[in-house]
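What follows is a single structure, and I will ask about it in a moment.
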Amino acid sequence: MQDLTMLNESQQDAVKCVDGPVLILAGAGSGKTKTITSRLAYLLSLGIPPANTLTLTFTNKAASEMRERAMAMIEEHTYPPLLCTFHKFGLLFLKFHIEKIGRKNSFVVIDTDDKKRILKSFSTSTELPTGMIASEISRYKTSLIDPKVAWEKAEQKSYQVIAKIYEQYEDYLESNNLVDFDDLLVLPYKILESDDALCEEVSHRYQYIMVDEYQDTNELQYKLLRKLCFTHNNLCVVGDDDQSIYGWRGANIKNILEFHESFDNVKIVKLEKNYRSTTQILKAANDLIEHNRGRIGKVLESTKGDGKAIEVMDSHDENQEAHSIAKRIKKLILSGVSPNEIAVLYRINALSRSLEEGLNKEQIPYNMVGGVKFYERAEVKDVISYLRVIANPHDDFSIKRIINRPKRGLGKVTIERMIKSAYDNRQSIYEYITCNESAIEKEATKKASLALKEFVQNIAYIRSIQENSTYDMIDAIEESFAIKEYYNNQPDSLERISNIDEFYGLFRDYVKQNPQMNVDDFLNELALQSDQDQIDSENISIMSIHASKGLEFEYLFVIGLEEGFFPLIGDGSDIEEERRLGYVAITRAKQELTLSFSASRFYKGRRTELTKSRFLKEAGVCEGSLIFEKTTSFKKGDLVKHKIFGIGRVTEISKVGREFKLQINFSGTRRDILASFVEKI
DNA sequence: TTGTCCCATGTTTTT
DNA sequence: CATGGGACAA
């Protein structure tokens with residue numbers, strides 16, 4: 001029997017509830033991962049075969065962390081339980097069952113960027129932004145609304161347009177045997193729904209299901225889970241309604257709020273003991289989240305003692321803010337704090353710029369989490385497209401990406417014409433080029449048709465190498481297509497080339513370690529991979545609050561606590577979700593928390609005056625009105641610059657209403673000017 | 001076909 | 001400010 005003495009009472013409760021639906025409300029820092037992994041180990045120790053369990057997470061990072069911790073607890077010879085992301089599960093499922101809906105299991109998984117490219121290639125005339133079309137389509141798909149219904153339901157013209165594009169998109173995916181991220185959940189659901197026998201078999205197979213971060217599940221994931229557990233309802237979901245911060249991308253907080261009504265005899269276990277933060281920090285978090293109405297309700301209790309008071313820092317502008325934070329961080333590091341115990345969080349990525357400058361000035365190395373993902377960089381995606389074409393030359397989608405990269409003298413017109421001819425001939429682009437040499441010579445310039453001929457020959461050549469050795473393929477690719485050479489003459493060449501090399505290395509490693517897998521498997525696995533796990537343990541971290549979920553730091557700074565920035569106000573913004581975001585931010589801190597706001601910021605090309613965030617007051621860390629009590633960083637004697645009058649020196653400072661008026665000496669002429677019109681130099 | 005310049009635009013992000 | 005996309009010239 002699994003040893004549970006390391007767990008507190010409620011954690012043990014959660015672990016021991018094996019049968020039936022269980023909701024574990026796990027507050028921030030309450031030992032959630034420990035509880036889930038212990039529960040998994042406990043299930044196995046009861047004699048439940050590992051293959052009959054299924055544990056689902058949202059990110060690969062969470063999945064691997066859990067796997068690691070669970071494996072440490074269970075006996076070594078045990079067959080590993082299935083523990084993966086929702087999407088990986090969908091991928092595995094489709095590999096086995098996609099043929100039931102008349103598709104081949106050699107499908108290719110496309111990412112968001114691919115999706116947008118496809119959509120862009122359709123919408124020749126619409127003014128609708130591609131991103132918006134993409135997210136609407138995603139919404140339709142995850143709500144199981146097919147294009148026809150979408151069209152019928154569309155009242156506005158723009159939604160009719162979207163419905164049409166949606167239809168075209170679905171046809172495109174099917175005819176090219178592509179699968180997008182939504183399909184990884186939608187298609188398994190559709191298959192299960194149309195095949196009761198299979199549904200029963202699958203449900204029977206996964207006798208014990210656990211879901212992590214349940215507050216982030218969407219409608220479709222809920223439905224899928226219902227299918228998976230319908231014969232037994234042994235479903236254990238773990239989450240925190242106060243940490244639901246992905247509503248904007250379809251997460252449905254109702255899933256967790258109404259879990260006890262959706263299933264019969266739900267057992268609820270609350271984990272409210274917090275092992276992470278001091279009482280002061282938790283009090284602020286509790287006070288803040290208290291202001292939300294739509295929540296189950298729980299109060300975190302600290303085990304770490306009172307701690308230091310939360311500090312509220314105010315600055316004149318973002319540069320001063322960055323400077324002060326950099327100096328504080330420097331002091332912490334000099335006093336012996338390890339840099340990896342320090343982090344700075346922000347609500348929107350745009351705020352990172354000034355922060356980075358401030359850290360650079362103090363020569364503090366930092367590690368920015370998030371940003372452009374490795375596998376999403378243009379140069380890496382180019383190489384991936386080459387691999388896809390080599391694996392399957394009829395992959396028109398990937399051919400289109402690389403056909404003129406490196407530049408082969410093919411223009412938009414030539415390519416379009418060729419695609420159309422290929423389409424009319426019912427051939428793939430590759431087939432068309434190989435079989436219709438004479439037609440191409442008529443359609444394209446001499447240079448272009450020669451280039452095309454060489455292109456398909458090279459592909460065929462590499463395919464022949466691949467049959468003998470996948471490993472040697474890389475050299476042949478680089479030799480034939482000179483992708484690195486191409487990027488050599490582009491901006492950021494050094495970085496791009498090293499990314500390509502890194503990717504080549506990854507591919508070689510994969511081939512070595514999985515000799516039985518083919519290129520397709522590698523590519524599909526890649527599509528589901530993100531690379532945020534490489535947090536550099538040597539440096540301090542800076543990241544968005546979203547990216548900080550699940551992490552913790554001894555010393556934490558949160559910047560940009562101003563109305564409009566945090567809470568962020570805009571269309572589609574939800575004040576309760578903003579508040580939950582604030583809750584997530586605060587609960588990342590273990591020992592010391594500093595909240596910072598600035599009287600003004602330079603954003604979207606203009607300087608805006610700001611008032612401090614209502615969250616400061618709601619968290620009880622800042623008394624007084626929301627109207628920002630202005631300060632000025634100008635001193636008598638400062639050199640300042642005015643757009644018209646040029647450089648001058650401050651001789652007098654006074655207050656006019658809530659503004660500051662400076663008397664400035666511009667080479668002998670004294671003028672009264674409002675502080676916001678001059679810059680310090 | 002490709003390179004350059006100007007204008008519009010501007011959350012959060014995983015799979 | 002900084003980036004991307006469209007228009008236009010070479």
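Heavy atoms only: backbone and side chains are in, while hydrogens, waters and symmetry mates are out. Order of the sequence lines sets the chain letters (A, B, ...), proteins ahead of strands, with each chain counted from 1.
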Under 4.0 Å between any heavy atoms, over every strand shown, what does Phe86(A) touch: base, sugar-phosphate, or nothing? Just pick one. nothing
Heavy atoms of other groups near Lys190(A) NZ, more than 12 under 6.0 Å: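 It does not: Lys190(A) NZ has 12 such atoms or fewer within range.
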Please name the residue in the list Tyr603(A), Tyr346(A), Phe615(A) that meets the ring-ring contact (aromatic ring centres under 6.0 Å, His included) test with Phe565(A).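 Answer to the ring-ring contact (aromatic ring centres under 6.0 Å, His included) test with Phe565(A) among Tyr603(A), Tyr346(A), Phe615(A): Tyr603(A).
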For a quick test of your reading: what N or O donor-acceptor pairs under 3.5 Å do the side chains of residues 578-585 of chain A make, sequence neighbours left out?
unit_1    : atom_1 : unit_2    : atom_2 : d
Glu578(A) : OE1    : Arg347(A) : NE     : 3.0
Glu578(A) : OE1    : Leu568(A) : N      : 3.0
Glu578(A) : OE2    : Arg347(A) : NH2    : 2.9
Arg579(A) : NE     : Glu618(A) : OE1    : 2.7
Arg579(A) : NH1    : His291(A) : O      : 3.4
Arg579(A) : NH1    : Asn292(A) : OD1    : 2.7
Arg579(A) : NH2    : Glu618(A) : OE1    : 3.4
Arg579(A) : NH2    : Glu618(A) : OE2    : 3.1
Arg580(A) : NE     : Ser244(A) : O      : 2.6
Arg580(A) : NH2    : Glu577(A) : OE1    : 3.4

Pick base, sugar-phosphate or nothing for Asn404(A), based on heavy-atom distances below 4.0 Å to the nucleic acid. sugar-phosphate
Using atom NZ of Lys115(A) as one end and atom P of dT15(B) as the other, report the distance to the nearest whole Å. 16 Å
In whole Å, I'd like the distance from the CD atom of Glu525(A) to the C1' atom of dT14(B).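 The answer, rounded to whole Å, is 17 Å.
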Hey, can you pull the donor-acceptor pairs under 3.5 Å for the side chains in residues 131-139 of chain A, sequence neighbours left out?
unit_1    : atom_1 : unit_2    : atom_2 : d
Ser135(A) : OG     : Gly131(A) : O      : 3.3
Ser135(A) : OG     : Met132(A) : O      : 3.1
Glu136(A) : OE1    : Arg139(A) : NH1    : 3.1
Glu136(A) : OE2    : Arg139(A) : NH1    : 3.3
Ser138(A) : OG     : Asp182(A) : OD1    : 3.3
Ser138(A) : OG     : Asp182(A) : OD2    : 2.8

Lys420(A): salt bridge (Lys or Arg N to Asp or Glu O under 4.0 Å) partners, not counting sequence neighbours: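 Applying salt bridge (Lys or Arg N to Asp or Glu O under 4.0 Å) to Lys420(A) gives Asp424(A).
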Can you measure Gln243(A) atom CD to dT14(B) atom P for me and round it to whole angstrom units? 16 Å
Quick check: on DNA chain B, is the nucleotide nearest Lys88(A) upstream (toward 5') of the one nearest Lys407(A), or the reverse? Name the residue that is more 5'.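 Nearest nucleotide further toward 5': that of Lys407(A).
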Spacing of Asn60(A) atom CG relative to dT14(B) atom C1', expressed in whole Å: 9 Å
Please list, chain by chain and in numerical order, all residues satisfying salt bridge (Lys or Arg N to Asp or Glu O under 4.0 Å) with Glu357(A), sequence neighbours excluded.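 Once residues adjacent in sequence are excluded, Glu357(A) has no partner under the salt bridge (Lys or Arg N to Asp or Glu O under 4.0 Å) criterion.
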Contacts of type salt bridge (Lys or Arg N to Asp or Glu O under 4.0 Å), residue Lys32(A), not counting sequence neighbours: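 If we apply the salt bridge (Lys or Arg N to Asp or Glu O under 4.0 Å) test to Lys32(A), skipping adjacent residues, the hits are Asp212(A), Glu213(A).
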Run the salt bridge (Lys or Arg N to Asp or Glu O under 4.0 Å) test against Arg408(A) and tell me which residues pass, sequence neighbours left out. none
Tell me, please, which residues at least two apart from Tyr246(A) pass side chain to side chain donor-acceptor pair (under 3.5 Å).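 Counting only residues at least two positions away or on another chain, Tyr246(A) forms no side chain to side chain donor-acceptor pair (under 3.5 Å).
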Distance in angstrom units between Lys116(A) NZ and dT13(B) P, rounded: 13 Å
What's the CE-P distance between Met418(A) and dT1(B), to the nearest Å? 11 Å
Distance check needed: dT15(B) P versus Asp212(A) CG, whole Å only.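 About 13 Å, once rounded to whole Å.
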What are the bounds, 5' to 3', of the part of DNA chain C that sits under 4.0 Å from heavy atoms of chain A?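 Going 5' to 3' along DNA chain C, contacts run dC1(C) to dG5(C).
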Sub-3.5 Å pairs of nitrogen or oxygen atoms, protein against nucleotides 6-12 of chain B:
unit_1  : atom_1 : unit_2    : atom_2 : d
dT11(B) : O2     : Arg347(A) : NH2    : 3.2
dT11(B) : O4     : Asp571(A) : O      : 2.7
dT12(B) : OP1    : Asn349(A) : N      : 2.8
dT12(B) : O4'    : Arg347(A) : NH1    : 3.0
dT12(B) : O2     : Arg347(A) : NH2    : 2.8

Integer-rounded Å distance: dT13(B) P and Leu551(A) CG: 13 Å
